[in-house]
Amino acid sequence: MNRNASTFFIIPFFCLLSLLAFGSSQLDYKFYDNSCPNLSKIIRYGVWSAIANETRIAASLLRLHFHDCFVNGCEGSILLDDSSNFTGEKNAFPNRNSVRGFEVIDAIKQNLEKACPSTVSCTDILTLATRDAVFLSGGPFWPVSLGRRDGLTASEASANTDLPSPFEPLENITAKFISKGLDVKDMVALSGGHTIGFAQCSTFKQRLFDFDGAGNPDPILDAALLGNLRGICPNQDNSDTNLAPFDSTSAKFDNSYFKSLANNSGLLQSDQALMGDNKTAAVVLNYSKFPFLFMRDFASSMVKMGNIAVLTGQDGEIRKNCRVVN
């Protein structure tokens, strides 16, 4: 977990300052400086401990944040359990039996409630924890403006419609990013989050055995990778939840994901589709050659994503338990 300072990809503050326009003017980098001065230390230690226990959790936290922000904004709705007033998002199709990391956020929240009760929102915790998870995995560090408040409801229906699916064509996925105020470069950069973590076989198995409906694999897929994946994901139902890494360095945040796409070794069909469009392919190739360019753009896109439809001021609340509305 130790990192040499010379290898840090710390994105300069002034490069990202203008991106605050995508969020509320009430967000502030010093929001908790007086009310919870040990906030950063508590969150960083909680994330560090979780990654030390299981490196995969870094990717899980990144996905949790993404799936939160893409459904009615970054307001912690994905953290809510079902209630008598609404059906939550945890069992929506894109999240069911796959989204994880809730216990990490719960543990951090419990420690923060001891240090500064009813002060830090679950949404800010998730946003900071995600940044730290990426950084501790070798990725960039970026400033996070704070002051988000927690939403009062959740929407399974919105999770089913708003989250990009690995089975969708690229144009549909692009439209979903644009609808959130992001652009094509953001989509490619954020897709690079797949440089850490794993995917369940059910999300790509069709590419291995019956891509065309006639029992043939995806012809684009690299032959060596095909053989390896068939070993991990045999053509039987009980292999659906087996896990395959997105790239060869699944615990390290780097640009290997883009190198894989350039070599027709993308795991998900939706990832490899980025090479089928001239505009997105050009970005992929740049990121595959210039890792700092990817790190810089990923950080910028994370700032934009983390400010989607945030609640501030008197809107929403500060949950005492991230799983339930107060």
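Atoms considered below: every heavy atom in the structure, side chains included; atoms not considered: hydrogens, waters and symmetry mates. Note that this is a predicted model, so its numbers are computed, not measured.
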Open item on the list: If I compare all heavy atoms of Pro245 with all of Leu267, which pair ends up nearest, and what's the gap?
Closed with: O-CD2, 3.6 Å

Open item on the list: Ring centroids only, cut at 6.0 angstrom: are Phe135 and Phe141 within range, meaning strictly under it?
Closed with: yes

Task: Side chain Thr119, main chain Pro117, donor-acceptor under 3.5 Å - done: yes

Open item on the list: Under 3.5 Å, is there a donor on one side chain and an acceptor on the other for Asp240 and Ser202?
Closed with: no

TODO: Verify the neighbour count for atom CZ of Phe290: are there more than 12 heavy atoms of other residues, nucleotides or ligands below 6.0 Å?
DONE: no

Task: pair Trp48-Leu136: side-chain heavy atoms closer than 4.5 Å - done: yes

- [ ] Could you pull out the closest heavy-atom pair between Gly151 and Leu311, with the gap in Å?
- [x] CA-CD1, 3.7 Å

TODO: Look at the aromatic rings of Phe294 and Phe253 and report parallel, tilted or perpendicular, splitting at 30° and 60°.
DONE: parallel

- [ ] Answer with yes or no whether the hydrophobic clustering places Phe198 together with Phe66; edges join I, L, V, M, F, W, Y residues whose side-chain heavy atoms lie under 4.5 Å apart.
- [x] no

Open item on the list: A side-chain contact here means heavy atoms from C-beta on lying under 4.5 Å apart; do Tyr287 and Phe298 qualify?
Closed with: no

Open item on the list: Just so I know, are the side chains of Cys74 and Asn307 near enough to count as touching, which here means a heavy-atom distance under 4.5 Å?
Closed with: no

Open item on the list: To the nearest 0.5 Å, what is the distance between CG on Asn72 and CD1 on Ile308?
Closed with: 11.0 Å

TODO: Establish whether Leu268 and Leu208 are linked, either directly or via other cluster members, by ILVMFWY side-chain heavy-atom contacts under 4.5 Å.
DONE: yes

- [ ] For Ala133 and Ser137, work out which heavy atoms get closest and say how close.
- [x] O-OG, 2.8 Å

Open item on the list: Determine whether a donor-acceptor pair (N or O, by modelled atom type, separation under 3.5 Å) exists between the side chain of Arg148 and the backbone of Gly306.
Closed with: yes

Open item on the list: If the test is side-chain contact (heavy atoms from CB on, under 4.5 Å), which one of Asn228, Leu221, Asp222 qualifies with Ser265?
Closed with: Asp222

Task: Side chains of Ile232 and Cys201 in contact at under 4.5 Å (non-hydrogen atoms) - done: yes

Open item on the list: For Lys252, I'd like to know if atom NZ has over 12 heavy atoms of other residues, nucleotides or ligands within 6.0 Å.
Closed with: no

Task: Leu128 to Val144 - nearest heavy-atom pair and separation - done: CD2-CB, 3.8 Å

Task: Pair Lys205-Ser239, side chain to side chain donor-acceptor pair (under 3.5 Å): steps then yes or no - done: CA-CA 9 Å; Lys205 192 188 289 185; Ser239 73; 2.7 Å; yes

- [ ] Give a yes or no answer on whether the side chain of Asn95 reaches the backbone of Glu89 with a donor-acceptor pair at less than 3.5 Å.
- [x] yes

TODO: Decide, yes or no, whether a salt bridge links Arg323 with Asp81 under the criterion of side-chain N to carboxylate O below 4.0 Å.
DONE: yes

Task: Expected output: side-chain Lys90 to main-chain Leu79 donor-acceptor under 3.5 Å - done: yes

- [ ] Hey, could you give me the SG/CG distance between Cys116 and Asn34, rounded to the nearest 0.5 Å?
- [x] 12.0 Å

- [ ] Verify, without hydrogens or angle tests, whether Thr280 (side chain) and Gly276 (backbone) share a donor-acceptor contact under 3.5 angstrom.
- [x] no

Open item on the list: Salt bridge or not between Arg100 and Glu54? Use side-chain N to carboxylate O under 4.0 Å.
Closed with: yes

- [ ] Working to the nearest 0.5 Å, report the span between CG of Leu64 and CD1 of Ile105.
- [x] 6.5 Å

- [ ] Could you tell me whether Ile220 atom CD1 has more than 12 heavy atoms of other residues or ligands within 6.0 Å of it?
- [x] no

Open item on the list: Please say yes or no: joined through hydrophobic side-chain contacts below 4.5 Å, possibly via intermediate residues, are Phe204 and Phe211 part of one cluster?
Closed with: no

Task: Close side-chain approach of Leu182 to Phe70, heavy-atom, < 4.5 Å - done: yes

- [ ] For atom CD of Gln314, decide whether the heavy atoms of other residues, nucleotides or ligands shown that lie under 6.0 angstrom number more than 12.
- [x] no

Task: Single-linkage hydrophobic cluster, 4.5 Å side-chain cutoff, Leu293 and Trp142 together - done: yes

- [ ] Report the C-alpha distance between Tyr32 and Asp124 in whole Å, list the side-chain angles of each, state the deciding distance to 0.1 Å, and finish with yes or no for side chain to side chain donor-acceptor pair (under 3.5 Å).
- [x] CA-CA 10 Å; Tyr32 297 109; Asp124 273 344; 2.6 Å; yes

TODO: Could you tell me the separation between the OG atom of Ser250 and the CD1 atom of Ile196, rounded to the nearest 0.5 Å?
DONE: 9.5 Å

Task: Test side chain to side chain contact (heavy atoms under 4.5 Å, CB included) applied to Leu163 and Phe93, step by step - done: CA-CA 10 Å; Leu163 288 169; Phe93 181 74; over 6 Å; no

Task: Cluster link Phe209 to Leu243, ILVMFWY, side chain under 4.5 Å - done: no

- [ ] Measure the spacing between CD1 of Ile108 and CG of Asn111 and express it to the nearest 0.5 Å.
- [x] 8.0 Å

- [ ] Could you give me the CA-CA distance, side-chain angles and deciding distance for Asn321 and Gln110, then say whether side chain to side chain contact (heavy atoms under 4.5 Å, CB included) is met?
- [x] CA-CA 8 Å; Asn321 178 337; Gln110 289 172 7; over 6 Å; no

Task: Neighbour count >12 (heavy atoms, 6.0 Å) for atom CG, Asp237 - done: no

Open item on the list: So does Ser118 get a backbone contact from the side chain of Glu113, meaning a donor-acceptor N/O pair under 3.5 Å?
Closed with: yes

Open item on the list: Is it the case that over 12 heavy atoms from other parts of the model lie below 6.0 angstrom from the CG atom of Asn278?
Closed with: no

Task: Any side-chain heavy-atom pair of Asn242 and Gln200 under 4.5 Å - done: no

- [ ] Using atom types as modelled and distance alone, determine if a side-chain donor or acceptor of Asp150 lies under 3.5 Å from a backbone N or O of Arg319.
- [x] yes

TODO: Would you mind checking if Glu168 and Lys176 are paired as a salt bridge, meaning a charged N to carboxylate O distance below 4.0 Å?
DONE: yes

TODO: Examine the side chains of Asp247 and His194 and answer whether a donor and an acceptor come within less than 3.5 Å of each other.
DONE: no

Open item on the list: Do the side chains of Lys180 and Asp162 get close enough for a salt bridge, i.e. N-O under 4.0 angstrom?
Closed with: yes

Task: Donor-acceptor contact below 3.5 Å, side chain Thr130 vs main chain Leu61 - done: yes

TODO: For residues Leu112 and Ile43, determine if any side-chain heavy atom of one lies less than 4.5 Å from a side-chain heavy atom of the other.
DONE: yes

TODO: Would you sort out whether Leu146 and Lys30 count as a side chain to side chain contact (heavy atoms under 4.5 Å, CB included), showing the intermediate values?
DONE: CA-CA 7 Å; Leu146 301 167; Lys30 298 182 178 181; over 6 Å; no

Open item on the list: If we ignore hydrogens and angles and just use 3.5 Å, is the side chain of Thr123 paired with the main-chain N or O of Gly76 as donor and acceptor?
Closed with: yes

Open item on the list: When you measure from the side chain of Asp210 to the backbone of Pro217, do you find a donor-acceptor pair of N or O atoms at a distance under 3.5 Å?
Closed with: no

Task: Distance, nearest 0.5 Å, that separates CG of Asn97 from CG of Asn91 - done: 7.5 Å

Task: Donor-acceptor pair between Asp254 and Ser256 side chains, under 3.5 angstrom - done: yes

- [ ] Mind running side chain to side chain contact (heavy atoms under 4.5 Å, CB included) on Met305 and Ser301 for me, showing each step along the way?
- [x] CA-CA 6 Å; Met305 188 187 79; Ser301 295; over 6 Å; no

TODO: Considering non-hydrogen atoms only, spot the tightest contact between Ala199 and Phe246 and give its length.
DONE: CB-CZ, 3.7 Å

Task: Distance-minimising heavy-atom pair for Arg149 and Asp315 - done: NE-O, 2.5 Å

Open item on the list: Using side-chain heavy atoms (C-beta onward) and a distance below 4.5 Å, is Arg63 in contact with Ser98?
Closed with: yes

